[in-house]
Student: 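Below: one structure in structure tokens.
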Amino acid sequence: MIVIGCAADANPEPRGQLDQAKTHGNALAAEVNRLLNSATFTPLPAVQTARFERIDLDFAPIPARDHWVAEAKNSGQSGRHARSMLAQLDSGKPLPTSLPYTLQTWSFGDQLTLLFLAGEVVVDYADRLHRELPGVTLWPVAYANDVPCYIPSRRILEEGGYEAVDSMTYYNRPAPLAPSTEDRITEAAKSLVRRPVPE
């Protein structure tokens, strides 16, 4: 099973060419083979607890109609996105103010907990969850169950740019996610991991 961690803001270097992608793939395969042939593995028990939760993440304030009318005159992605937002408004549907977001856990006893996070999640989430869940052998897995958009941390939102702002047009979202996003996901994840097992 291949799983991807919180790597939305991690890129191999150099990149951009097919030969470079092949080189990175071969390096990854070689490391997997090295570990399979040299590492000592610990058997895990069966999954003893599986949990799933859906929360809502707020968007930043949604622009007014005038913004979309002006943007719709542009060519390229920004114009296409604005025209999509206007079409939704013209159909009588308000633009969404929040994004449904899913989290899931599989716990292999107290030996390992897999935490599945939807979307393109940045490394700040893994770092923070490891700090705030001491004593838990936690493996955060991103791109799981759904890919609603890029999931920025507070740091990424403050930086702005493609991942935090511009990428949302490709996901057809009406605005970037709100600054509360990191705290909402982190607290929901911690609650899911720590929830007592039913008797």
Side-chain angles (χ1 to χ4, degrees), residues 1-13 15 21 24-25 27-29 31-32 34-36 39 41-42 44-45 47-60 98-168 170-171 173 176-197:
M1 179 173 69
I2 295 174
V3 294
I4 303 172
C6 297
D9 54 338
N11 289 306
E13 292 294 345
R15 62 192 173 107
H24 295 313
L28 179 61
E31 180 63 8
V32 169
R34 184 189 73 78
L35 290 171
L36 288 173
F41 295 96
T42 302
L44 290 171
V47 173
Q48 295 179 6
T49 310
R51 298 184 175 112
F52 184 89
E53 185 169 349
R54 182 173 286 115
I55 62 174
D56 290 318
L57 302 175
D58 292 332
F59 287 119
S98 64
L99 176 77
Y101 186 79
T102 60
L103 305 93
Q104 185 176 11
T105 58
W106 290 353
S107 295
F108 299 82
D110 59 0
Q111 294 187 47
L112 174 68
T113 298
L114 295 180
L115 169 64
F116 300 97
L117 300 169
E120 296 188 66
V121 185
V122 300
V123 70
D124 295 334
Y125 286 90
D127 289 344
R128 180 172 173 183
L129 286 164
H130 282 121
R131 281 194 317 271
E132 296 186 15
L133 288 168
V136 177
T137 304
L138 184 70
W139 187 347
V141 178
Y143 304 87
N145 294 314
D146 186 18
V147 184
C149 63
Y150 191 91
I151 306 298
S153 61
R154 187 178 298 106
R155 173 183 66 89
I156 296 290
L157 284 170
E158 289 171 357
E159 289 175 2
Y162 174 77
E163 288 87 358
V165 180
D166 298 339
S167 71
M168 298 301 271
Y170 292 94
Y171 286 102
R173 306 301 180 191
L177 288 166
S180 60
T181 297
E182 180 181 335
D183 290 340
R184 290 276 295 120
I185 293 174
T186 300
E187 292 307 313
K190 287 161 54 179
S191 174
L192 208 58
V193 169
R194 291 174 171 158
R195 188 176 300 164
V197 177

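Please read all numbers here as calculations on a predicted model, not as lab measurements. Hydrogens, waters and symmetry mates play no part in the numbers below; they use all other heavy atoms, side chains included.
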Student: Quick one: closest heavy-atom pair of Ala50 and Trp106, and the distance?
Tutor: CB-CD1, 3.9 Å
Student: Go through the steps for Asp9 and Arg155 under the test salt bridge (charged side-chain N to carboxylate O under 4.0 Å, His left out), then give the verdict.
Tutor: CA-CA 12 Å; Asp9 54 338; Arg155 173 183 66 89; 3.0 Å; yes
Student: What's the spacing between Thr105 OG1 and Leu138 CG if we round to 0.5 Å?
Tutor: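 The OG1 atom of Thr105 sits 9.5 Å away from the CG atom of Leu138.
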Student: Just grab all the side-chain hydrogen bond (donor to acceptor under 3.5 Å, both in side chains) pairs involving residues 133-152, residues at least two apart or on different chains.
Tutor: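 Every side-chain hydrogen bond (donor to acceptor under 3.5 Å, both in side chains) pair that includes a residue of residues 133-152, provided the two are not neighbours, is Gln104-Asn145.
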Student: Test of understanding: with side chain to side chain donor-acceptor pair (under 3.5 Å), list the residues that count as partners of Ser153, not counting sequence neighbours.
Tutor: Asp124
Student: Can you name the closest pair of heavy atoms from Asp58 and Ser98 and give their distance?
Tutor: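 Between these two residues, the closest heavy atoms are OD1-CB, 4.1 Å.
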Student: Assess the residue pair Arg154 and Glu158 against the criterion (salt bridge (charged side-chain N to carboxylate O under 4.0 Å, His left out)); give the C-alpha distance rounded to whole Å, side-chain angles, the decisive distance to 0.1 Å, and a yes or no.
Tutor: CA-CA 6 Å; Arg154 187 178 298 106; Glu158 289 171 357; 5.3 Å; no
Student: Could you give the distance from CE (Met168) to CG (Leu99), rounded to the nearest 0.5 Å?
Tutor: 6.5 Å
Student: On a heavy-atom basis, which atom in Thr102 and which in Ala144 lie closest, and how many Å separate them?
Tutor: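 Minimum heavy-atom separation between Thr102 and Ala144: OG1-O, 4.4 Å.
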Student: Rounded to the nearest 0.5 Å, how far apart are NE2 of His130 and OH of Tyr125?
Tutor: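 With rounding to 0.5 Å, NE2 (His130) is 15.5 Å from OH (Tyr125).
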Student: By side chain to side chain contact (heavy atoms under 4.5 Å, CB included), which residues pair with Glu31, not counting sequence neighbours?
Tutor: Arg34, Leu35
Student: Closer than 3.5 angstrom, by distance alone: can the side chain of Arg51 be matched with the main-chain N or O of Arg195 as a donor-acceptor pair?
Tutor: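 Yes, Arg51 side chain to Arg195 backbone: donor-acceptor pair under 3.5 Å.
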Student: Quick check: closest heavy atoms across Gly5 and Ala142, and the distance to 0.1 Å?
Tutor: O-CB, 3.3 Å
Student: Of all residues at least two apart in sequence or in a different chain, which pass the side chain to side chain contact (heavy atoms under 4.5 Å, CB included) check with Pro100?
Tutor: Arg54, Asp56
Student: Determine, stepwise, if the pair Leu133 / Arg194 fulfils side-chain contact (heavy atoms from CB on, under 4.5 Å).
Tutor: CA-CA 9 Å; Leu133 288 168; Arg194 291 174 171 158; 3.5 Å; yes
Student: Can you give me every donor-acceptor pair (side chain of residues 110-122, partner residue at least two apart or in another chain, under 3.5 Å) with its distance?
Tutor:
residue	atom	partner	partner atom	Å
Thr113	OG1	Ser107	OG	3.4
Glu120	OE2	Tyr171	OH	2.3

Student: Could you pull out the closest heavy-atom pair between Ala178 and Leu157, with the gap in Å?
Tutor: O-CD1, 3.5 Å
Student: Taking Arg184 for the side chain and Leu57 for the main chain, is one N or O donor matched with an acceptor at less than 3.5 Å?
Tutor: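 No; zero donor-acceptor contacts below 3.5 Å.
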Student: Taking only residues two or more places apart in sequence or in another chain, which ones pass salt bridge (charged side-chain N to carboxylate O under 4.0 Å, His left out) with Arg15?
Tutor: Glu13
Student: Going by the rule side chain to side chain contact (heavy atoms under 4.5 Å, CB included), which residues pair with Ala21 if we only count those two or more places apart in sequence or in a different chain?
Tutor: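 Expected list: none.
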Student: Could you pull out all residues at least two apart from Arg128 that satisfy side chain to side chain donor-acceptor pair (under 3.5 Å)?
Tutor: Glu132, Glu182, Asp183
Student: Does Arg173 reach the side chain of Pro148, with side-chain heavy atoms less than 4.5 Å apart?
Tutor: yes
Student: Between Ala188 and Glu53, what is the shortest heavy-atom contact and its length?
Tutor: O-OE1, 4.4 Å
Student: Working to the nearest 0.5 Å, report the span between CD1 of Ile185 and CG of Leu129.
Tutor: 9.5 Å
